Amino acid sequence: MKITEISIKRPSLIIVLFILLTLGGIFSYSQLGYELIPKFEVNVITIQTVYPGASPSEVESTVTKKIEDAVSSLENIKKLESTSLENVSIVMVTLNDGADVNFLLTDAQRKINAVLNDLPDDVEAPSLNKFSLDDIAIMSLAVTSNQSEKELYDLLDNKIQPIFARISGVAKVDMVGGEEREIQVSVDPEKAEGYGISISQIQNVIAQSNLDFPTGNVSTRENRTTIRLAGKVVDVEELRNLPITTPAGITIFLRDVADVQDGIKEIEKIARLDRKNTILLQVFKQSDANAVEVSKLVKETIETVQTDYKDDDVKILVANDSTDYTLNAANNVMHDLIIAIALVGFIMLFFLHSLRNAAITMVAIPLSLIATFIGLLLMGYTLNLMSLLGLSLVVGILVDDAIVVIENIHRHMEMGKNKVRAAYDGAKEIGFTVSAITLVIVVVFLPIAMSTGLVANILAQFCVTVIISTLLSLLVSFTVVPWLYSRFGKIEHINPKSFIGKIVHGFEAGLTKFTHWITGILEWCLKNWKTKLSTLLIALALFIGSFFLVGLGFIGTDFFPASDKGEFMIQLELEKDASLEKTNFLTQKAESVIESKPEVERIITTVGQSSDGVMSTAGSRYKSEIHVILKDTYTESSKVYSARLKRELENKLVGAKVTAVNMGLMGAEQAPLKLTVIGSDIEDARQFAIKAEEQLRNIPGATGVKLTSEDGNPEIRVQVDRDKMTSLGLNVATVGMTMQTAFSGNTDNKFRAGDNEYDINIRFSESGRADINNVRNLKFINNQGATISLDQFATVSYGSGPTLLERRDKSPAVSVQGSVVGRPMGTVAQEWEAEFSKLERKPGVVYIWGGNMESQQEGFGTLGIALIASVLLVYLVMVALYDSFSTPFVVLFSIPLSFIGALLLLALTNQTLNIFTILGIIMLIGLVAKNAILLVDFANHRKEHGDNTHDALVAANHARLRPILMTTIAMVFGMIPIAMASGDGADTNRGWQL
């Protein structure tokens, strides 16, 4: 052990090394950013294509299928999902782990460009995006002022929003709600018909009368001046007085056939904070920016903006800030970490009988922890729930090596050696064993740190943090601990008459009694073949029994432990043809019910949009969402509260579908339970999905069950007779454009006021677009100047179509979605699968799990492989330690027995088997193997000195029980604060500590 010798003889080297590591660690800590969960790439490319005015079935056949065909030849595709909604097509390409998303994004763009000409003419260019977890707003700001809503919108849009968008780290700032200025030209269809002009002609007149022309220049030898024809309309009165020549040659004015107003755009979204109208600014961060830092800068900017716009009484309130939870969760873990260090120190004092020895052991914790930050900074990690948990969990492990070394040095001192000799001999004798027990911990975490996939993305930072700090603690125990002991160590005996002495001696007497009791049990177990066999059978029975806890449903399965942020969403959905006014009226009723609850801190409402996983683009006038934030004083489950509130609202809001959506670590937990049914045609898939949906409704714990694809989207269908249309001198392009302008509006023309431009919206007045007869009586003027109505060459009738069409891997699909309350998701899914797998399926119908179940199957697979790899690596480390291929099996057989306690405690504390608790079990492998190595190592030493196996095992148990108890109790006490914690983020961390 050359390194121990150097640290005892030349301590200055060690002092310098650890001063550098400590300073480096402090500097690194100051550079690390805060995040809730580790940053990782989600390998998904989304392709969104807007096709104005198209129904879902039209979008699917003319846009979605063509884009799917184009991108399906990309390499590394894991799955291809697409959704066709009214006006928009969304195709999502999920790639395999390790795929180069940036390269494939450009490749996808190239393939889509090749099929652009095959898409309909009025389709907007498809927009490709790399899906990222940063596509969720980190803050919502509510803005109010003493100005009118229209003026406030203008002020925000042109002046205030750009200030926030300029902040370092902000990607974009979206505005929700408010009234946007627009010049409205509402054409009266009857008056226009009377003068013999169509809406298309009116639109052309406005377009030709509203132009600026650079018309050349005049020049002499000395100078040159540009001529510009200023033909833009500058006020609304000028627009009203635009002259129009009728086919009869009479000149009329625009005001004769249309009502021209300086108004506001048709309101599509309404935002409220605590039932007061507001405009919401949603702040999105750049993918490499630090959310906490961005939030701080935004709050500073709010102060500046409020000061600058004091005259307009602009007030900006932070309605919701997701970084508060991040900081609270991080601070809670830090707080628990400090308590854990104090508890471990307290335990050391009891075992080592000496403040001096306890202090020497405790040196290992700060030295290892602080230096770990250097590793985190070099790896590009942040301070998040995972890395901080790694640090707090490792507190108990860090003192392990130091305890074992100090214990051994202490034993050598008691043999009568001086402290320098004892420090050197003690460290040298146990050096190999200490290295082995540290390596066992390291190799247990190595497979997860090296693997890929969603689970590895989430857990890798935890594993690497543990690996770095454990290796540093090994360095401390071979350098700093022997050096400190060689200088300051001595055998101390606490006075048994003093107060502390009485406690410590009492503890020591209890420990001796316990050691004798354990030795007695061991001697009975090794007595003869009968006792050996019964011991083996009892252990086997307990081992198999513990697995029945999972099989019989005492321990449920889940992908992610349930986390409770104390907030949730209430989403309302009315019938598909409901107007925004009707949706708003019902939402206000819901708000008054929610606000009357004493537990509610704040509500943020958006009418006309709801975050349903698919970016809500258009056509969601019949949906609204209320974000409910509960008071900090409310300590019960927000899931249960939201379920109760949902029941109450369902009774009060007739005609509305009410859904409660819980907020998890990753944002809104949209339908964690999802089953996608794929068929050769949509009807086959739908029939199976409807039956499966019925079954899920009857399973206890399932809630919010629905099909993604629903019929009943009312529409007016216009079927054109091409022969009649052509004989009347019209074509589809003219008919389509005229209809679009009349009923949807045309905003190609702009109105300039100062530096800003506003839309001029030309369409029929409200009375001219109220029912099906207005559509039938729409007038066109052909080349000969004759007036023709739509019903002369087309049949106009009511129909209904699907609101959404789904496809999976280029086949029609229907998904059944649901949430769970009060029961683990995996358990509900298991029961449901047992039911629907019995259903009869038509040929070609298959089902695939989506949502959290898909992640759970993948995650458990990854962790299963990691578990096997961990056991194998532990075995190989021990082969190297014992120079034998058979001896390590003695240690390996102790590992399965650790599962008994772990599974029993999970069942008793009502925790699920999820990725975190499985990680805890993997960690247990290392800890159990470590204790077993200490025993087996000592027993081998005794056998070398001539003892038989029986005596060697009893002696090993007697000598090593103390350090094993010390390390185990230190470990347990190190975890107690986190297992008992109740603040933000605590429920996620609890399971694996247990």
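Quick caveat: nothing in here was measured; it's all calculated off a predicted structure.
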Inset, instruction - Would you please name every residue forming a side-chain hydrogen bond (donor to acceptor under 3.5 Å, both in side chains) with Lys532, sequence neighbours left out? - result: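 Listed in chain order: nothing, the list is empty.
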Inset, instruction - Check step by step if side chain to side chain contact (heavy atoms under 4.5 Å, CB included) holds for Leu935 and Val890. - result: CA-CA 10 Å; Leu935 278 171; Val890 178; over 6 Å; no
Could you tell me whether the side chain of [Y] reaches within less than 4.5 Å of the side chain of [X], counting heavy atoms only?
{"X": "Lys597", "Y": "Leu645", "answer": "yes"}
{"X": "Pro824", "Y": "Leu913", "answer": "no"}
{"X": "Trp849", "Y": "Leu675", "answer": "yes"}
{"X": "Phe916", "Y": "Met386", "answer": "yes"}
{"X": "Glu854", "Y": "Lys79", "answer": "yes"}

Exercise: identify the closest heavy-atom pair between [X] and [Y]:
{"X": "Val440", "Y": "Gly926", "value": "CG1-O, 3.4 Å"}
{"X": "Pro38", "Y": "Ile458", "value": "CG-O, 3.5 Å"}
{"X": "Ser387", "Y": "Thr382", "value": "OG-O, 2.8 Å"}
{"X": "Gly701", "Y": "Arg823", "value": "CA-CD, 4.1 Å"}
{"X": "Gln856", "Y": "Gly826", "value": "OE1-CA, 4.1 Å"}
{"X": "Ala902", "Y": "Leu924", "value": "CB-CD2, 3.9 Å"}

Please list, chain by chain and in numerical order, all residues satisfying ring-ring contact (aromatic ring centres under 6.0 Å, His included) with [X], sequence neighbours excluded.
{"X": "Tyr641", "result": "Tyr634"}
{"X": "Phe445", "result": "Phe462"}
{"X": "Tyr381", "result": "none"}
{"X": "Phe547", "result": "Phe543"}

Nearest 0.5 Å, what's the [atom1]-[atom2] distance between [X] and [Y]?
{"X": "Ile925", "Y": "Leu892", "atom1": "CD1", "atom2": "CG", "value": "9.5 Å"}
{"X": "Ser855", "Y": "Phe860", "atom1": "OG", "atom2": "CZ", "value": "11.0 Å"}
{"X": "Glu831", "Y": "Leu696", "atom1": "CD", "atom2": "CG", "value": "10.5 Å"}
{"X": "Met825", "Y": "Asn914", "atom1": "CE", "atom2": "CG", "value": "10.0 Å"}
{"X": "Ile699", "Y": "Thr827", "atom1": "CD1", "atom2": "OG1", "value": "11.0 Å"}
{"X": "Leu542", "Y": "Leu537", "atom1": "CG", "atom2": "CG", "value": "11.0 Å"}

Inset, instruction - State, without any angle test, whether Thr703 and Ser819 hold a side-chain donor-acceptor pair at a distance under 3.5 Å. - result: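 Absent: no donor and acceptor within the cut-off.
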Legend entry - Step-by-step side chain to side chain contact (heavy atoms under 4.5 Å, CB included) determination, Asn331 to His335: CA-CA 6 Å; Asn331 291 340; His335 175 246; over 6 Å; no
Legend entry - Greater than 12 external heavy atoms within 6.0 Å of Asp632's CG: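 Counting other residues, nucleotides and ligands, CG of Asp632 stays at 12 neighbours or fewer.
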Legend entry - Heavy atoms of other groups near Glu599 CD, more than 12 under 6.0 Å: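 Buried by this count: over 12 neighbours within 6.0 Å.
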Inset, instruction - In sequence, state the C-alpha distance, the side-chain angles, and the governing distance for Leu459 and Leu863, and then conclude on side chain to side chain contact (heavy atoms under 4.5 Å, CB included). - result: CA-CA 10 Å; Leu459 302 178; Leu863 289 173; 4.2 Å; yes
Legend entry - Sidechain N-carboxylate O distance under 4.0 Å for Glu650, Arg647: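 Yes, charged N to carboxylate O under 4.0 Å.
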Side-chain ([X]) to main-chain ([Y]) donor-acceptor, under 3.5 angstrom:
{"X": "Arg697", "Y": "Val705", "result": "yes"}
{"X": "Thr862", "Y": "Glu858", "result": "yes"}
{"X": "Gln695", "Y": "Phe836", "result": "yes"}
{"X": "Ser473", "Y": "Ser368", "result": "no"}

Quiz: residues 868-875 side-chain donor-acceptor pairs under 3.5 angstrom, not counting sequence neighbours:
{"residue": "Ser870", "atom": "OG", "partner": "Val444", "partner atom": "O", "Å": "2.9"}
{"residue": "Ser870", "atom": "OG", "partner": "Ala866", "partner atom": "O", "Å": "2.7"}
{"residue": "Tyr875", "atom": "OH", "partner": "Phe885", "partner atom": "O", "Å": "2.8"}

Inset, instruction - For side chain to side chain contact (heavy atoms under 4.5 Å, CB included), just list the numbers for Ser642 and Asn662, CA-CA rounded to whole Å, side-chain angles, deciding distance to a tenth of an Å, and then say yes or no. - result: CA-CA 8 Å; Ser642 66; Asn662 294 300; 3.5 Å; yes
